[in-house]
Amino acid sequence: MIRKKAIIFGVTGQDGYYLTKLLLKKNYIVHGIKRRSSSVPTNRISSFLNQKNFKIHYGDLTDTSSIYNIIKIVKPDEIYNLAAQSHVGVSFYTPIFTANVNAIGVLAILEAIRTIKKEIKFYQAGTSEMFGKTKEKFQSEKTVFNPQSPYGAAKVFAHQITQNYRDAYKIFASNGILFNHESHLRGDNFVTKKIVSSLTRIKNGKQKKLVLGNLYSKRDWGHAADYVEAIYKILQQKKPDDFVIATGRDCTIKEFVNKTAKIINLGIKWRGNGLNEIATDKNGKTIISIDKKYFRPLEVDYLKGNAAKAKKILKWKSKISLEDLIKEMVQNEPK
Ligand code: NAP
Ligand code: GDD
């Protein structure tokens, strides 16, 4: 039997873990690309490192030669580009780096595919952040992009250049437009992980306070394990296309805090407003407060996706509820 070969850029990230697990289960040979960085970035994928169908290569999306060489050596059937500077807030501090990785890095992969082997199927990790400020209650593949950050703007370039290579060179290049998806493997500085970890530590007497930014933006949160199934399906279609992947539910940051507090049985009471809003515990002690430093120069106020196309064509829908997602995150917190 001939095994399919896949390259995953961004293998060390949250989605990299879940997608590697899925592809290994489907009998793929997976080539993961990791950066040389000052701290060892392979903690999420340590369980794969000794498996014979999993190979790791050094590479960086800002180093075009590394991308070209890896693709030339591996000549994979599929490439999944999950690599990005993925923090929206940080992109305001590192806009040029973010654009180099999230926009130009994608073009470098597409150019390598075009010149080395045009039959390679390509998946680009697009995002609901591309919609940015929108008037549409549910965002779909037809919603106009209006990004509100260097991150979102760079991802719009990546999305459009992927479509461009599909049309111009007949490359099987598809975009996912994924809404927020989380898990216990989420990076520590994303809001869901920060809330779950901090409230758990507060409950266990290991932390005094959780400090947040905007409590009133709305996000459509799903589970990363569900979402990588959609990513896989996108590359198994007969023709390349773009798909919104979302739950169709929305929730504010404050509601997420309340749901988490309930699940870990931490009684909290809110009072005040704006930068003075706080939450206290049952003894009246302040355990949540707000700091301006966590606000962004521009905010995306609400995101809620319409994944009807994915449901119809990919036969995909989100299976894990928000409550079960939070429970899974809580269960995996250190005791
Ligand atoms: P993540 O955990 O932050 O992982 C990002 C990955 O990109 C890491 O493996 C990181 O490597 C790698 N990376 C960063 N800069 C790189 C560079 N210069 N060269 C090569 N690799 C680089 O993100 P995620 O949540 O798994 O998301 C995966 C992708 O989906 C990202 O492109 C993200 O923008 C997009 N996305 C995510 C969501 C979401 O809600 N999670 C929603 C929509 C779209 P290190 O480990 O070395 O940092
Ligand atoms: N990170 C963070 N930290 N966000 C906070 C905080 C805080 O202390 N307090 C409030 N927020 C608000 C942010 O202002 C934003 O409105 C919301 O919480 C979610 O922030 P993040 O968890 O950082 O995620 P994001 O929605 O900006 O971006 C994520 O989802 C995108 C898809 O829509 C990332 O995974 C992106 O890579 C992804 O494309």
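Note: hydrogens, waters and symmetry copies are ignored here, and every other heavy atom, side chains too, is used. Just follow the structure's listing: the first ligand is 1, and inside any ligand the first atom is 1. Residue indices begin at 1 and follow the sequence shown.
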Which one of [options] has a non-hydrogen atom at the shortest distance from [atom]?
atom	options	answer
atom 17 (C) of ligand 1	Lys34, Arg35, His181	Arg35
atom 44 (C) of ligand 1	Gly105, Gly187, Gly126, Gly59	Gly126
atom 12 (C) of ligand 2	Ile195, Val90, Asn214	Asn214
atom 36 (N) of ligand 1	Tyr58, Tyr151, Phe179, Phe9	Tyr151
atom 23 (O) of ligand 2	Arg296, Glu299, His87	Arg296
atom 35 (O) of ligand 2	Glu129, Glu182, Arg186, His181	Arg186

Checklist entry - Are a donor atom and an acceptor atom from the side chains of Glu328 and His223 found within less than 3.5 Å of each other? => result yes
Next on the checklist: Between Ser197 and Glu333, is there a side-chain donor-acceptor contact under 3.5 Å, judged purely by atom types and distance?
Outcome noted: yes
Checklist entry - Short N/O distance, under 3.5 Å, between Ser128 and ligand 2? => result yes
Item to check | Arg219/Glu129 ion pair, N-O < 4.0 Å | outcome: yes
Next on the checklist: Under 6.0 Å between ring centres: does that hold for Phe190 and Trp221?
Outcome noted: no
Checklist entry - Closest non-hydrogen protein atom to atom 18 (O) of ligand 2, residue and atom name please, with distance? => result Ile253 CD1, 3.2 Å
Next on the checklist: I need the nearest protein heavy-atom contact for atom 6 (C) of ligand 2: residue, atom name and distance, please.
Outcome noted: Val191 CG2, 3.5 Å
Next on the checklist: Counting only nitrogen or oxygen atoms and a 3.5 angstrom limit, does Ser128 reach ligand 1?
Outcome noted: no
Checklist entry - Under 4.0 angstrom from ligand 1, any heavy atom of Lys155? => result yes
